[in-house]
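Here the structure is a predicted model, which is why all the values come from computation and not from measurement. Read the numbers this way: they start at 1 and go in the same order the structure lists the ligands and their atoms. We use all heavy atoms of the structure for the numbers below, so side chains are in, but hydrogens, waters and symmetry mates are not.
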Amino acid sequence: MKILANDGIDAAGKSILMEAGFDVVTDKIPQEELESRITDFDVIIVRSATKVTEKIIRASNLKLIARAGVGLDNIDLRTAGELGIPVVNTPNASSRSVAELVFAHAFSIARMLFLTNRIMPDFGKEQFKELKNTASAGFELTGKRMGIIGFGRIGQEVAKIAVGLGMEVLVYDYKSRSFDIIVELHEMYRQHNFKVTLKGQPLDVVLKTSDFISIHTPGSEEVIGELELSMMKKSAILLNCARGGVVNEKALNQAISDNKIAFAGVDVFENEPPVNDTLLKLKNTSLSPHIGASTAEAQLRVGIELAERIVAHLK
Ligand SMILES: NC(=O)c1ccc[n+]([C@@H]2O[C@H](COP(=O)([O-])OP(=O)(O)OC[C@H]3O[C@@H](n4cnc5c(N)ncnc54)[C@H](O)[C@@H]3O)[C@@H](O)[C@H]2O)c1
């Protein structure tokens with residue numbers, strides 16, 4: 001059996017697959033050539049870069065499609081389902097890394113590191129004093145309220161870190177499955193002043209009262225648009241390490257430009273690479289190029305978890 005790991009795979013995962021007798025190819029086939037060259041492979045492994053489109057799936061003899069990561073938005077699930085090709089992913093492996101990136105942005109904003117890092121290489125000598133004044137309006141995360149929208153795997157990791165930092169945590173999630181987890185965690189963190197909005201309670205409480213708002217819902221639905229942004233505090237900091245589409249980028253640009261919210265930490269964009277660079281050029285944004293899951297630890301876990309799933313599936 002031949003496996004194409006078109007966006008690469010961690011060495012440990014590759015070893016597991018090779019030891020199980022699979023031939024693993026890691027030479028990237030350009031997106032436009034995939035349709036004609038996919039017939040050589042039984043399994044395709046992708047991260048977020050390669051799109052497994054309807055045409056590619058229909059042209060293939062694939063027995064399995066594997067996504068090294070969480071979101072399946074780059075795989076045409078409908079066609080895979082129609083042709084009976086299973087799709088596997090690694091939903092748990094990167095949660096901690098994404099949650100830590102949320103706080104990398106939160107701390108960067110709280111102490112204006114995103115700004116000083118931009119300015120100091122060119123003007124750090126001449127404008128040291130002015131820059132010190134600008135960046136001296138920092139604040140601690142301790143005691144602030146972290147509003148979490150979407151309380152699944154990553155949202156829960158964010159809550160754990162936030163509680164550890166002495167933040168007050170407010171969560172909103174509309175699914176009953178998560179409601180059970182909320183109750184569990186509520187019990188667990190009661191002594192830490194962990195607060196939750198219970199099922200059925202309105203989202204606007206989280207939006208109106210949080211100092212930080214971190215989104216962790218799936219990429220399929222816009223959750224934050226103009227209305228939601230208008231409900232936030234003027235000092236609010238919006239963190240999006242989920243998917244570009246969950247926050248309306250145009251509305252976010254406008255809200256920051258008009259000082260309707262104070263800052264945003266953004267890892268994900270409506271188009272990647274971004275087509276429109278307005279958000280990239282805004283002063284009050286801490287930015288990263290979709291690296292939430294890109295840590296050594298997460299990639300190791302992803303590689304191993306995925307390889308084990310593929311072996312279990314095909315052997
Ligand atoms: N930045 C990155 O590199 C990176 C890496 C991994 C995952 N992600 C993204 O992070 C997000 C969360 O991943 P996860 O593993 O925690 O997912 P998950 O499925 O475990 O959790 C999502 C939660 O959101 C809730 N939800 C769905 N729609 C909602 C809505 N409209 N309002 C409130 N709650 C809603 C669901 O009930 C669920 O509990 C996804 O968008 C995923 O693609 C980003």
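In the displayed structure, Phe128 atom CZ is contacted under 6.0 Å by at most 12 heavy atoms of other residues, nucleotides or ligands.
With a 4.0 Å cut-off on non-hydrogen atoms, Val70 touches ligand 1 through its side chain and not its backbone. With a 4.0 Å heavy-atom cut-off, ligand 1 is reached by the side chain of Val98 but not by its N, CA, C or O.
Salt-bridge formation is not detected for the pair Arg153/Glu157: no Lys NZ or Arg NE/NH1/NH2 atom is positioned less than 4.0 Å from an Asp or Glu carboxylate oxygen. Using a cut-off of 4.0 Å between Lys/Arg side-chain N and Asp/Glu carboxylate O, Asp211 and Arg145 are scored as not salt-bridged. A salt bridge does not link Lys250 with Glu270: none of the charged nitrogens is closer than 4.0 Å to a carboxylate oxygen. Salt bridge status for Glu82 with Arg58: present, with a side-chain N to carboxylate O gap under 4.0 Å. In summary, Glu305 and Arg301 do not engage in a salt bridge, as defined by a charged side-chain N under 4.0 Å from a carboxylate O.
When each atom of ligand 1 is checked for a heavy atom of Asp267 under 4.0 Å away, the hits are 1 (N), 2 (C), 3 (O). Atoms of ligand 1 found under 4.0 Å from any heavy atom of Val223 (numbered from 1 in listed order, with element): 31 (N). Atoms of ligand 1 lying under 4.0 Å from any heavy atom of Ala293, numbered from 1 in the order shown and given with element: 3 (O). Counting the atoms of ligand 1 from 1 in the order shown, those under 4.0 Å from a heavy atom of Tyr172 are 32 (N), 33 (C). Atoms of ligand 1 found under 4.0 Å from any heavy atom of Gly219 (numbered from 1 in listed order, with element): 41 (O). Against a heavy-atom cut-off of under 4.0 Å, Gly292 is close to the following atoms of ligand 1: 1 (N), 2 (C), 3 (O).
Ligand 1 lies nowhere less than 4.0 angstrom from a heavy atom belonging to Gly69.
In terms of polar-atom proximity, defined here as any N/O pair under 3.5 Å, Arg153 does make such a contact with ligand 1. Between Gly71 and ligand 1, no N or O atom pair is found at a separation short of 3.5 Å.
Between Arg67 and Ser48, the closest side-chain pair of non-hydrogen atoms falls below 4.5 Å. A 4.5 Å side-chain heavy-atom check between Phe114 and Lys283 finds every atom pair outside the cut-off.
The nearest non-hydrogen atom to atom 8 (N) of ligand 1, considering only Gln156, His290, Arg243, Glu221, comes from Arg243.
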